[in-house]
Protein chains: 4
Amino acid sequence: MARKATSGSSGGGGTGPGTARAGATAPGTTAPGATAAVPERLLAEATRLFAERGYDRTSVQEIVEAAGVTKGALYHYFGSKDDLLHEIYGRVLRLQTERLDAIAARPVPVTERIAEAAADVVVTSIQNLDDTKIFFRSIHQLGPEKQKAVRAERRRYHETFRALIEEGQRDGLLRPEPRPDLVVDYFFGSVHHLGTWYHADGPLTAEQVAAEFSDLLLHSLRPPATPGDPT
Amino acid sequence: MARKATSGSSGGGGTGPGTARAGATAPGTTAPGATAAVPERLLAEATRLFAERGYDRTSVQEIVEAAGVTKGALYHYFGSKDDLLHEIYGRVLRLQTERLDAIAARPVPVTERIAEAAADVVVTSIQNLDDTKIFFRSIHQLGPEKQKAVRAERRRYHETFRALIEEGQRDGLLRPEPRPDLVVDYFFGSVHHLGTWYHADGPLTAEQVAAEFSDLLLHSLRPPATPGDPT
Amino acid sequence: MARKATSGSSGGGGTGPGTARAGATAPGTTAPGATAAVPERLLAEATRLFAERGYDRTSVQEIVEAAGVTKGALYHYFGSKDDLLHEIYGRVLRLQTERLDAIAARPVPVTERIAEAAADVVVTSIQNLDDTKIFFRSIHQLGPEKQKAVRAERRRYHETFRALIEEGQRDGLLRPEPRPDLVVDYFFGSVHHLGTWYHADGPLTAEQVAAEFSDLLLHSLRPPATPGDPT
Amino acid sequence: MARKATSGSSGGGGTGPGTARAGATAPGTTAPGATAAVPERLLAEATRLFAERGYDRTSVQEIVEAAGVTKGALYHYFGSKDDLLHEIYGRVLRLQTERLDAIAARPVPVTERIAEAAADVVVTSIQNLDDTKIFFRSIHQLGPEKQKAVRAERRRYHETFRALIEEGQRDGLLRPEPRPDLVVDYFFGSVHHLGTWYHADGPLTAEQVAAEFSDLLLHSLRPPATPGDPT
DNA sequence: TATGAATGAGATTTCATTCAT
DNA sequence: TATGAATGAAATCTCATTCAT
């Protein structure tokens with residue numbers, strides 16, 4: 001058995017998020033810079049195709065053809081088509097979780113941390129727009145236990161974000177009325193739908209969208225200005 | 001070939017939302033109070049199943065079994081599986097478009113109309129949660145020309161909503177900074193994602209969510225309070 | 001759903017043992033005597049092929065080609081390749097069980113009933129030699145619950161036979177020493193292996209083999225001749 | 001390519017039953033007492049797995065995993081999966097042939113030799129129950145020429161046994177009526193089916209079964225008692 | 001002596017759709 | 001208005017085997 005990407009592979013192990021992210025060529029690969037290692041190539045093409053025509057509408061045959069290998073090779077590295085999807089999810093989730101954790105830990109006012117976190121998730125969602133598209137369209141096509149794993153990771157992300165909002169409300173920097181969990185669902189609904197309308201060649205850069213979204217979020221939470229306290 | 005539900009079948013005809021929703025028996029149906037007419041039953045079961053396991057994962061066989069008819073019957077009323085999905089889309093779109101148009105035409109301040117429209121779309125999305133789920137998961141699985149038709153209707157809806165925002169900004173009732181189209185995408189992202197987290201047996205009623213979402217939207221657009229102008 | 005041969009179909013229902021055995025043409029079939037109905041043809045070809053090259057070595061493709069239909073047709077009638085095998089088993093088992101029950105109930109001395117039963121199972125095993133071959137080679141390739149069902153039916157058959165032997169021993173017509181269950185396993189081992197050596201074009205008719213096997217069985221159970229009791 | 005176990009490898013060489021069974025380490029193996037040599041381990045696991053789930057249902061991958069080696073290693077020692085099966089067959093056949101030859105040569109009355117041979121084959125079949133199971137289920141899955149080779153060896157074994165029966169009939173110690181070849185098929189059918197019902201943890205020891213089977217065989221051949229000749 | 005990535009052919013099964021009745 | 005047998009194409013996955021190292 002080769003290193004099949006099994007379920008519990010989150011957390012740095014697995015089919016080489018390390019290699020995949022670092023861009024380092026796996027041992028046994030040909031010239032660096034030429035063709036990437038097979039698993040990475042498979043993941044990249046799968047991501048592109050899933051985003052383009054959906055998980056169910058993309059056949060394994062199309063993926064391997066795009067990656068220039070045979071089906072046997074795919075199944076040498078990934079246990080199933082499901083695994084491929086799961087691995088794609090894992091990559092984005094890990095990336096965004098790491099970044100959010102870093103931002104949440106910064107020694108700056110909580111409103112600033114929220115603004116930064118909001119802007120950051122928009123930017124990374126746009127930078128990985130294919131993954132974003134796939135995520136919210138295809139989660140239901142994952143096997144039940146893998147789906148649970150992904151949802152659990154997602155929930156952890158949301159909870160971290162919610163904690164920031166709660167902190168802001170406790171400190172009186174944000175309006176106390178909105179329910180934090182609803183705010184999170186409200187904001188991330190917007191983020192997750194970036195994939196349905198954002199285009200790289202449109203009029204807006206990722207950063208512009210990020211700034212606007214972040215601004216809209218904070219304005220909706222901002223306490224009413226009190227006399228002598230011009231925001 | 002009898003009255004197949006072709007694309008342009010909007011307008012309240014046979015299989016339309018009106019008859020289906022109101023529970024009125026369509027002409028030519030058996031005893032009222034018995035089982036609903038076949039096309040309605042097919043649409044209802046298809047909606048349920050598509051929401052439950054996705055369009056591609058639902059087989060025609062499953063739909064007809066759930067509706068208690070045979071495949072021949074389905075193809076008697078609908079030209080294809082695609083048609084079924086398209087018809088489901090049509091129902092929600094028509095419903096929500098009608099309501100938005102009515103609200104937009106009311107002789108009340110624009111902020112009030114926006115608040116109402118926002119709350120209303122949340123309520124109807126939750127009331128038709130299955131349709132909402134299907135909509136944003138399965139659009140891509142529609143054939144290209146049907147997809148275009150649906151997107152066009154959707155766009156019209158968004159434009160109506162955007163016009164309200166523009167009006168509010170022109171009149172100085174809303175902050176001028178946010179780009180209206182971005183605001184629309186921002187808000188409807190949230191609405192469309194209701195299907196991923198809202199549960200009827202959860203702690204919140206549709207109206208509570210509607211009030212909060214509407215409130216968040218308006219606060220994010222509210223101009224900064226000026227002295228002597230308490231909002 | 002068409003009449004798929006589901007597990008519990010033993011006992012006269014199912015994919016038409018009635019039609020299959022009686023040779024009656026199913027409604028909707030063409031000229032009687034011409035080509036048999038599709039399910040029957042599939043079963044017949046599957047039996048032949050499974051006997052010839054084994055269950056695992058026979059592809060569904062080969063079966064449908066031999067039967068002159070498409071794969072879709074096979075799966076219209078049978079839920080799986082497994083089902084086909086199960087149905088084949090069912091036919092022989094039902095046939096032999098019926099015959100044994102009839103013989104066991106005859107109002108003749110038990111030794112005679114045993115002799116007849118032994119001869120009969122040999123004859124019917126040879127007449128359905130393909131089924132016999134398949135039975136003892138392929139049972140293990142059946143799914144677990146179907147395997148259990150088949151074994152249960154088989155056990156019932158063995159128990160009926162064993163009861164005859166016990167009766168003979170109780171009545172003093174057979175030697176008391178041999179354990180009845182071992183005798184059953186001993187004899188049916190021989191019967192089941194007919195498929196490995198018997199050929200229709202060999203020197204022996206089915207009846208000759210039956211007579212010899214029956215004779216060997218009874219001689220091995222015959223009590224020692226007592227003076228004045230020439231058997 | 002090193003010493004691949006080719007078809008004609010009988011005669012006690014490297015991978016032979018002698019070394020494997022006795023637990024002696026083959027030349028070139030590591031420390032005695034540690035894990036067995038690789039080819040032996042492969043054969044042992046293959047035997048277990050083939051018996052458990054059948055030849056076709058056991059993948060090469062499963063065998064090498066069970067043996068703790070890689071596929072390359074298997075193909076280093078054995079030319080094919082077929083070879084593995086053939087080698088397993090060879091082991092039992094050689095063992096049983098040797099023992100039968102020894103028994104047949106003993107200077108005791110032929111009835112005694114038959115009784116001993118019958119009991120012996122039962123005992124060794126039970127002691128190597130996995131091989132027994134495999135033998136009669138999987139012969140057909142061997143390539144044609146290997147199948148022929150195995151059948152030829154098997155035939156030789158049967159002929160030796162048949163000769164004993166013929167001798168007994170010639171000498172008037174056995175009933176002359178039964179056809180010797182049929183008797184052989186009759187008895188070995190029983191023996192070969194031991195694998196389908198015997199369990200080591202059942203109520204009977206191998207020796208008890210052997211005694212009963214041998215007894216049943218001889219009673220079925222025993223001439224009718226003549227007055228003044230108490231058996 | 002052994003590895004393990006990769007192949008390529010083939011396996012079973014599913015499914016939307018058609019059509020004679 | 002409805003049936004249901006049948007199609008044919010495509011889908012996912014498995015597996016024995018090879019070969020450069």
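Just so it is clear, the model here is predicted, and its values are computed rather than measured. Residue numbering restarts at 1 for every chain, and letters A, B, ... go by the order of the sequence lines.
- Look at A:His76 and you'll find a side-chain N or O under 4.0 angstrom from OP1 or OP2 of E:dA5.
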Quick one: do B:Arg48 and B:Glu52 satisfy salt bridge (Lys or Arg N to Asp or Glu O under 4.0 Å)? Show the steps, please.
CA-CA 6 Å; B:Arg48 193 175 55 77; B:Glu52 193 177 307; 3.6 Å; yes

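- Contact between the side-chain N/O atoms of D:Tyr77 and the OP1/OP2 oxygens of E:dA2 is found at a separation under 4.0 Å.
- Taking atom CZ of residue B:Phe78 and atom C1' of nucleotide F:dT1, one finds them 15 Å apart after rounding to whole Å.
- When rounded to the nearest whole Å, the span between CD of D:Gln141 and C1' of F:dC15 equals 15 Å.
- Judged by distance alone, the side chains of D:Arg53 and C:His140 never bring a donor and an acceptor atom under 3.5 Å apart.
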Collect all protein-nucleotide pairs involving nucleotides 10-12 of chain E in which both atoms are nitrogen or oxygen and the distance is under 3.5 Å.
unit_1 : atom_1 : unit_2  : atom_2 : d
E:dT12 : OP1    : C:Lys81 : NZ     : 2.8
E:dT12 : OP2    : C:Val60 : N      : 2.8

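- At a cut-off of 3.5 Å, with distance as the only test, no side-chain donor of D:Tyr75 or D:Asp83 sits close to an acceptor on the other residue.
- Residues C:Leu74 and D:Gly72 both approach DNA chain F. Their nearest nucleotides, taken by heavy-atom distance, put C:Leu74 toward the 5′ side.
- Between B:Gly68 and C:Gly68, the residue anchored closer to the 5' end of DNA chain F is B:Gly68, taking for each the nucleotide with the nearest heavy atom.
- Atoms CD (C:Glu65) and C1' (F:dG8) sit 14 Å apart, rounded to a whole Å.
- Of the possible polar contacts, one joining the B:Glu62 side chain to the B:Ser59 backbone as a donor-acceptor pair under 3.5 Å is found.
- For DNA chain F, if you chain together Watson-Crick or G-U pairs that step i with j, i+1 with j-1 and so on, the runs of at least three with distances under 3.5 Å are E:2-21 with F:2-21.
- A side chain to side chain contact (heavy atoms under 4.5 Å, CB included) with D:Lys146 is found for one member of D:Ile139, D:Asp82, D:Leu85 and no other, namely D:Asp82.
- Nearest nucleotide to the side chain of D:Thr70, out of E:dG4, F:dA6, E:dA6: E:dG4.
- Proximity of a side-chain donor or acceptor of D:Arg137 to a complementary backbone N or O of C:Arg137 within less than 3.5 Å is not detected.
- Atoms CG and OH, on A:Leu74 and A:Tyr77 in that order, are 10.5 Å from each other to the nearest 0.5 Å.
- Applying the side-chain contact (heavy atoms from CB on, under 4.5 Å) rule to A:Ala51 yields the partners A:Asp130, A:Lys133, A:Ile134; only residues at least two apart in sequence or on another chain are considered.
- We find the CD1-NE2 distance between B:Ile88 and B:His86 to be 11.0 Å, quoted to the nearest 0.5 Å.
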